[in-house]
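Letters A, B, ... mirror the listed sequences (proteins, then strands); counts begin at 1.
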Amino acid sequence: MAWTNEELSGRFREIAELLQLSGADRFRVRAYERAADAITAARVDLAAVPRGELAELSGIGTSTAKKIAEYLDDGEIAMLVELREKVPAGLRELTRVPGLGPKTALQIHTALGIDSVAALGEAVAERRIRELPGLGAKTEDNIRDGIRRIGAKDTDRRPAADAIAVAEELCALLRRLPEAHEVAYAGSLRRMRETVGDIDILVASAHPQPVAEAFRRSPLVREVLASGDTKTTVMTVRDLQADLRVVAPEAWGAALVYFTGSKAHNIRIRERAVRRALTLNEYGLFRRPDDEADDAVSERVASRTEADVYAALDLAEVPPPMREDTGEVEAAAARALPAVVTLEQLRGDLHGHSDWSGDGKATLDEMVEAAVARRYAYWAVTDHAEDLTMNGVTRAGMVKRRAVIARLQEETSLRILDGAELNIAIDGGLDYDRDFLLTFDWCVASVHTLMTRPEREQTARIMAAMEHPAVHAIGHPTGRKIGKRPGYDLDFDAICEAARETGTALEVNASPRRLDLSGEMVRRAVEAGVSLTISCDAHTVGDLGSMRYGVATAQRGWARAEDVLNTRDLDGLLAFTAAKRERWS
DNA sequence: GCCGTTTTCGGCCCGACTGTTTTCAGTCG
């Protein structure tokens, strides 16, 4: 279903880009960009919306609605077809050069007839760019650098997992400074996007210099790229750029909102500010001075905390992972924002390994101790089952492990759930036999093999596994590894339907290398009424600390505590497993 | 092209930085 929306959004974004390169009015350009954003954020399939109601969506007017209808009927938009013919492909290519925007690209194309990056490079070498009005030698140098940077590694986004360790280490270093009042990382990492372009670290301090100094001297810093009064940019030893911004303590909240983004979310709330005769920037929310009085000092309405800023805009405070302009501002205004699940609400972790499986790095004793330290009510040890040739535990091994669990259970009030991570064979079959499977407290079933089979087969194998009475959750349901491999092909709507029907949970795997389900899929699962688990899939003691990434991912999907199985107490959890057994035995 | 707690025209998010300029335009995040 989402295909139609995605295609439509892409068409309107292309119209905006081409209009810009035709020198169109910038507000008209922006209107098409906003239409594209509105379509991306739409929670319904536009193909299913009655034509007369399309213009009711915010950001879509009569003209855009007509073009949407045109696309749905004809498969193309005449205006876009014309624009594609009119705007040379080479002109579009020029804007790929960092620092070279549509205005300058158009000027260079018109004046010099340049229609490729290669030709641009020649013009630079021949010093023809600096002859153009408004452009000089420096601009020419910057274009040369920009051409060199195309395709360079440092413009790529990286898995959030790569950035987290660096960001947290830098924050820890800054927190030790007496000058630092508050320290946090912001940006897409705080929103828990799956990939990040750089690391944004924010410090509240009245004394920026020593903070910047400590930052520059960190052993994680390979090179200082720029350092001014309030902003320092460095390249870290992990090839990730990191920005430090120091703000006055009274501006902390406004700065945190600003630097957390997303950009689309910020625009949305600033527009709201404008409608209230306010203006919002990284220093605070201000009342706009009455016109004429140019030198009047504008009054600061809010800025100290994020909660202050949202409250002054008459909005419920939006959790950072939800700040993507996918309806959260409207919901916050209507006080209809769901109370999303929090880390504190989790009572246990339902997917973890010990060294009973070959890939577990800690003993069962150590893992249990770590789970106790997290004050969980329960923890499931789900060592790999026997079909995973290299790492699996045999039936005899599992029986022996039960003796160890029994011994450990005597020493702790944490309930240790005797579990397994089963392997879903290509025909949907599982490890061991049915009677033995029913003796476990908790089973996660996952796909570990044959990941490139077609969608129909992958969907069918997982649906078959969900019908087994011993299978309580599907582990890392799509099998993706961020930045490494995409998930296997699945009919996710069918998976959700089957999960709800069979009383099987879908896992939000909290490992930052996986985040599987993704935030977007969590949202679809929640809308379909599916129960979720948030689990670390820990293979080390330290992995148990990944839970917050899983929680943030669930928040991106607007999941509430009641959508998440491991917010339940032990009795509530056991009621879920018992219900499945009764229904399917 | 869109939109309205200043409503059907006249606005449209905000600031830093850069380079080119004597007051601003373009680009970026």
Side-chain angles (χ1 to χ4, degrees), chain A residues 12 15-16 19-21 23-39 54-68 77 79 94-108 129-143 145-146 149 155 157 186-188 191 196-200 202 225-233 241 243 245 247 251 254-255 257-286 288 290-291 298 313-314 325 329 333:
Chain A
F12 283 108
I15 289 177
L19 273 178
Q20 200 168 25
L21 288 170
D25 172 58
R26 65 200 168 104
F27 295 111
R28 199 167 153 233
V29 170
R30 207 163 123 56
Y32 281 104
E33 284 172 354
R34 301 204 53 170
D37 290 341
I39 292 166
L54 284 170
E56 287 173 18
L57 285 160
S58 171
I60 294 175
T62 49
S63 164
T64 312
K66 259 175 77 179
K67 292 187 179 70
I68 293 174
I77 301 167
M79 177 195 189
L94 295 186
T95 60
R96 279 177 38 226
V97 178
L100 187 57
K103 290 280 167 65
T104 313
L106 184 58
Q107 184 191 5
I108 290 173
I129 302 296
R130 65 178 68 188
E131 304 304 325
L132 298 176
L135 305 182
K138 198 74 200 210
T139 302
E140 206 170 66
D141 288 345
N142 289 343
I143 290 174
D145 290 344
R149 277 180 52 200
T155 54
R157 294 184 69 87
S188 48
R191 300 199 314 279
V196 300
D198 65 0
I199 297 169
D200 290 303
L202 197 60
L225 301 176
S227 194
D229 287 345
T230 63
K231 181 178 162 180
T232 298
T233 301
Q241 189 173 307
D243 286 351
R245 297 162 203 261
V247 299
V257 169
Y258 175 78
F259 290 117
T260 297
S262 66
K263 184 177 161 153
H265 176 86
N266 284 352
I267 289 174
R268 189 70 71 181
I269 62 177
R270 283 178 195 179
E271 287 169 348
R272 190 174 171 87
V274 169
R275 285 201 297 278
R276 284 167 169 66
L278 303 167
T279 185
L280 177 64
N281 59 32
E282 57 262 58
Y283 304 108
L285 181 66
F286 300 91
R288 292 199 157 169
D290 295 333
D291 41 3
S298 48
L313 289 169
D314 199 19
D325 190 28
V329 178

Take atom [atom1] in [N] and the same atom in [M], then report the distance between them in whole Å.
N      : M      : atom1 : answer
B/dT18 : B/dT23 : C1'   : 15 Å
B/dC13 : B/dC17 : P     : 22 Å
B/dT22 : B/dA16 : P     : 23 Å
B/dG26 : B/dT20 : P     : 14 Å
B/dG1  : B/dT6  : P     : 27 Å

With sequence neighbours excluded, what pairs up with [X] under the side chain to side chain donor-acceptor pair (under 3.5 Å) test?
X        : value
A/Arg245 : A/Asp243
A/Arg270 : none
A/Asp141 : A/Arg144

Taking the side chain of A/Lys138 as heavy atoms from C-beta outward, which of B/dG19, B/dC13, B/dA16 is closest to it?
-> B/dG19
Which of these nucleotides, B/dG29, B/dC2, B/dA16, is closest to any side-chain atom of A/Ala31?
-> B/dC2
Kindly say whether [Y] contributes a backbone atom to a donor-acceptor pair with the side chain of [X] at under 3.5 angstrom?
X        : Y        : answer
A/Ser188 : A/Arg191 : no
A/Arg272 : A/Asp314 : yes
A/Glu140 : A/Arg130 : yes
A/Asn142 : A/Asp145 : no
A/Asp198 : A/Gln241 : no

Are OP1 or OP2 of [N] and a side-chain N or O of [X] less than 4.0 angstrom apart?
X        : N      : result
A/Thr279 : B/dC13 : no
A/Thr64  : B/dC2  : yes
A/Thr62  : B/dG1  : no
A/Tyr32  : B/dC12 : no
A/Arg30  : B/dC13 : yes

Please tabulate the protein-to-nucleotide N/O contacts below 3.5 Å involving nucleotides 22-26 of chain B, giving atom names and distances.
unit_1 : atom_1 : unit_2   : atom_2 : d
B/dG26 : O3'    : A/Thr104 : OG1    : 3.1

With both distances under 3.5 Å as the test, what is the Watson-Crick or G-U wobble partner of B/dC9?
-> B/dG4
Distance-only criterion, 3.5 Å: show the donor-acceptor pairs between side-chain atoms of residues 56-67 of chain A and protein atoms not counting sequence neighbours.
unit_1  : atom_1 : unit_2  : atom_2 : d
A/Ser63 : OG     : A/Lys67 : NZ     : 3.0
A/Lys67 : NZ     : A/Tyr32 : OH     : 3.2

How would you label the contact of [X] with the nucleic acid (heavy atoms, under 4.0 Å): base, sugar-phosphate, or nothing?
X       : result
A/Ala24 : nothing
A/Leu57 : sugar-phosphate
A/Gly59 : sugar-phosphate

Within residues 266-276 of chain A, residues whose heavy atoms come under 4.0 Å of DNA chain B = A/Ile267, A/Arg270, A/Glu271, A/Val274, A/Arg275
Is any side-chain N of the basic residue among A/Glu33 and A/Arg28 closer than 4.0 Å to the acidic one's carboxylate O?
-> no
